[in-house]
Amino acid sequence: MKKILITGALGQLGSELTVALRKKYGVDNVIATDIQQPEDSPVVTDGLFEILDVTNIVRMKELIEHYSVDTIIHLAALLSAVAEAKPILAWNLNMGGLINALEMAREYDLSFFTPSSIGAFGPNTPKDQTPQVTIQRPSTMYGVTKVSGELLGDYYHQKFEVDTRSVRFPGLISYDTLPGGGTTDYAVDIYYEALRKQGYASFIDKGTYMDMMYMPDAVDAIIQLMEANSEQLVHRNAYNVSAMSVAPEDFERAIKAHIPEFNLTFDVDPIRQSIAESWPNAIDTTVASKEWGFSPRFNLEKMTEDMLIQLKKKGI
Ligand code: SER
């Protein structure tokens, strides 16, 4: 990774990954792109930034040539709940953007990363210790695009020898940028509301377990996977990764250790609840650990402590 182009750089993951990559690989070697250009984001103000609609391959090509890019990190996509509300847009954006980015990787011999998700699993997938290789018949449009993305990644690797790599991210929890329309977003909202109102009405029901991970571990996982030797990688597209399997009441317990008056209630959203129920409770991450050393640092308690400190610093 010497000249990295990131799509969707202003999203929840992109905004922190951009900063981390600039720090590690140099400010002039990371080209952040997004469909919008807010004036006040460090992604825009503290380094190279270009407007890019990922469905526009002409513009994508122009940027790759202009900056002599050697790696593309393709993040631009709609998340699960928005994709369920706008399935055709989700298909067009998630698949259209992905195939353009893969085509650029083939034509310019770029290293390639794009995230898959726990959303690539479905109701028939084993729910606990979900294996790396298992049934993937998702019941959401988001999941359909993620499974298709995994298959395309393998196809471009086998057919055109593109160095494609991916992970199945769980819900990502962060304090910098809010996620946009995911099923796991409650796990971010709960911390903001714990500080603002000492209470939270969860749109995901009690007893609903999903995998989660703190953003610093997600950023490290991408860098570690992209730095791994190609020969080590058997299950390229995409590796199960997670740091914890948690339900709303687990967050309640962890938050109460810092804010004893915190009160969790439930106001369940049937759409996001049914998406959550179609996903695993806890995925098995041993293949990622074995093939490229995946090893997250934050458990629920450590993450909760840090989230509350960081959000307070932000004035929440
Ligand atoms: N966090 C994502 C979502 O909820 C899962 O990939 O949509």
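First listed ligand is number 1; within each ligand, the first listed atom is number 1. In what follows, residues are counted from 1 in the order of the sequence shown. As the structure is a computational prediction, the values presented were derived from the model and not from experiment.
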Asker: When you measure from the centre of the six-membered ring of F298, is the NZ or CZ of K302 under 6.0 Å away and within 45° of the axis?
Answerer: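 Yes - K302 lies over the ring of F298, closer than 6.0 Å to its centre and within 45° of its axis.
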Asker: For F160, is the NZ or CZ atom of R106 found under 6.0 angstrom from the centre of its six-membered ring and inside 45 degrees of the ring axis?
Answerer: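 Pair R106/F160 counts as cation-pi.
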Asker: Look at the rings of Y175 and Y214 and say which category their plane angle falls in: under 30° parallel, 30 to 60° tilted, over 60° perpendicular.
Answerer: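 The arrangement is tilted - the two ring planes meet at 30° to 60°.
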Asker: Polar-atom distance check: S80 versus ligand 1, any N or O pair below 3.5 Å?
Answerer: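 There is such a contact, yes.
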Asker: What I want to check is whether the side chains of T183 and S80 have a donor and an acceptor closer together than 3.5 Å.
Answerer: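 Indeed, the side chains of T183 and S80 share at least one donor-acceptor pair under 3.5 Å.
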Asker: Looking at W279, which atoms of ligand 1 are within less than 4.0 Å of one of its heavy atoms?
Answerer: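 With W279 as reference, the close atoms of ligand 1 come out as 3 (C), 4 (O), 5 (C), 7 (O).
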Asker: Looking at atom 1 (N) of ligand 1, what's its closest protein heavy atom, distance included?
Answerer: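 Sorting protein heavy atoms by distance from atom 1 (N) of ligand 1 puts T184 OG1, 2.8 Å first.
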Asker: Considering non-hydrogen atoms of the protein only, which is the closest contact for atom 4 (O) of ligand 1, and what is the distance?
Answerer: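 Closest protein heavy atom to atom 4 (O) of ligand 1: T183 N, 2.6 Å.
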Asker: Compute the minimum heavy-atom distance from Y186 to ligand 1 and say whether it is under 4.0 Å.
Answerer: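 Per 4.0 Å heavy-atom rule, Y186 does not contact ligand 1.
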Asker: Could you tell me whether K127 atom NZ has more than 12 heavy atoms of other residues or ligands within 6.0 Å of it?
Answerer: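 Buried by this count: over 12 neighbours within 6.0 Å.
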Asker: To the nearest 0.1 Å, how far is atom 6 (O) of ligand 1 from its closest protein heavy atom, and which atom is that?
Answerer: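 For atom 6 (O) of ligand 1, the nearest protein heavy atom is S117 OG, 2.6 Å.
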